[in-house]
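The block underneath contains the structure these notes are about, expressed in structure tokens.
Letters A, B, ... mirror the listed sequences (proteins, then strands); counts begin at 1.
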Protein chains: 2
Amino acid sequence: MALDQTQTTYGIAELAREFGITPRAIRFYEDKGLLSPARDGQRRIYGSRDHVRLRLIMRGKRLGFSLDEIREMIDLYDLDPTEVSQLKMFIDKLQARREQLRRQQDDIIETLAELDQLEDQSRGLLADREARRKAVG
Amino acid sequence: MALDQTQTTYGIAELAREFGITPRAIRFYEDKGLLSPARDGQRRIYGSRDHVRLRLIMRGKRLGFSLDEIREMIDLYDLDPTEVSQLKMFIDKLQARREQLRRQQDDIIETLAELDQLEDQSRGLLADREARRKAVG
DNA sequence: GGCTCGCTTTACGTTAACGTAAACGTCAGC
DNA sequence: GCTGACGTTTACGTTAACGTAAAGCGAGCC
């Protein structure tokens with residue numbers, strides 16, 4: 001037990017299966033600077049860091065963000081906070097994201113309320129139809 | 001006061017200004033079947049119904065839905081519930097949308113939590129820098 | 001050695017959601 | 001009767017996010 005590297009490495013097809021996407025998409029994310037896997041000769045080797053990033057990517061996509069936006073968000077995580085001015089800009093960006101997400105939350109709440117209403121109406125109609133069928137048939 | 005039509009009609013530029021989009025986009029939504037304004041000769045005349053639809057469209061876009069998805073959702077609102085089987089399908093679709101929105105909610109909550117954490121860290125670093133500057137300078 | 005598998009690069013194709021330009025109609029005002 | 005402002009149709013251009021096809025490399029098997 002000399003070196004316990006806890007096999008946190010993945011092949012491209014492996015990751016693709018796990019996240020339900022194609023290898024092509026994963027390579028594309030690399031082209032766009034969202035991933036930077038190691039190499040074994042020509043082959044890509046993904047570590048736990050890439051795994052985390054892919055999870056962030058997928059979450060961002062579910063929220064409707066573009067890959068550019070997602071990259072911005074991801075880059076926030078490992079930014080070097082070396083300059084105070086950059087730190088302030090960074091905090092501003094966080095605020096902006098937060099506001100955007102809050103708007104999304106509100107939109108979702110509104111939409112869910114409307115869906116509830118629609119479903120109530122539909123269930124009412126459905127019950128009505130079936131009651132009528134019972135009375136007639 | 002014979003006929004109170006409560007001027008609920010808009011021109012295309014008017015709507016564009018109000019929603020912060022271009023007339024081109026509005027015409028595009030029409031092409032895609034999301035809007036169906038009346039006409040005065042060649043000119044489009046939008047009523048309150050179109051106004052509501054545009055609001056739904058913009059909300060859908062903020063949530064990252066495609067125009068096709070948005071049209072599906074909008075069509076739910078004025079579906080003719082004439083057949084029971086269609087009503088059931090309709091309710092199923094509502095459920096699917098609901099689940100998707102719930103996932104989005106969860107994603108947002110997670111992301112907001114991470115943003116909070118990042119901001120805490122950043123503010124800590126920032127305070128540290130300024131304290132150090134005060135001590136040294 | 002030949003074959004298959006899995007991965008690679010290169011490059012062209014595709015869909016969505018408009019942008020942009022051209023060319024025309026129309027109505028108010030001068 | 002001409003000019004602008006605003007609107008129209010038609011059509012080609014653009015960006016994002018991959019899909020897909022072609023051609024080649026390296027490892028393992030028989």
Base D:dG19 to side chain A:Arg24, donor-acceptor N/O within 3.5 Å cut-off:
yes
Whole-Å distance between [N] [atom2] and [X] [atom1]?
| X | N | atom1 | atom2 | answer |
| --- | --- | --- | --- | --- |
| B:Glu30 | D:dT10 | CD | C1' | 15 Å |
| B:Ile21 | C:dG19 | CD1 | C1' | 14 Å |
| A:Phe28 | C:dT14 | CZ | P | 17 Å |
| A:Asp40 | C:dG6 | CG | P | 17 Å |
| B:Arg43 | C:dA28 | CZ | P | 10 Å |
| A:Lys61 | D:dA16 | NZ | P | 14 Å |
| B:Arg39 | C:dG25 | CZ | P | 17 Å |
| B:Arg71 | C:dA16 | CZ | C1' | 12 Å |

Any side-chain N or O of B:Tyr29 below 4.0 angstrom from OP1/OP2 of C:dA17?
no
D:dG19, OP1 or OP2 - any side-chain N/O from A:Thr22 closer than 4.0 Å?
yes
Salt-bridge criterion met for A:Glu30 and A:Arg39 (N-O under 4.0 Å):
yes
Salt bridge present between A:Asp107 and B:Arg62 (N-O < 4.0 angstrom)
yes
Of B:Asp68 and B:Gln42, whose nearest nucleotide on DNA chain C comes first from the 5' end?
B:Asp68
The residue, B:Lys32 or A:Ile45, whose nearest nucleotide of DNA chain C is more 5′ is A:Ile45
Compute the centroid of each ring, for A:Tyr10 and then for A:His51, and state whether the two points are separated by less than 6.0 Å.
yes
Residue pair A:Gln100 / A:Arg103, side-chain donor-acceptor N/O under 3.5 Å:
no
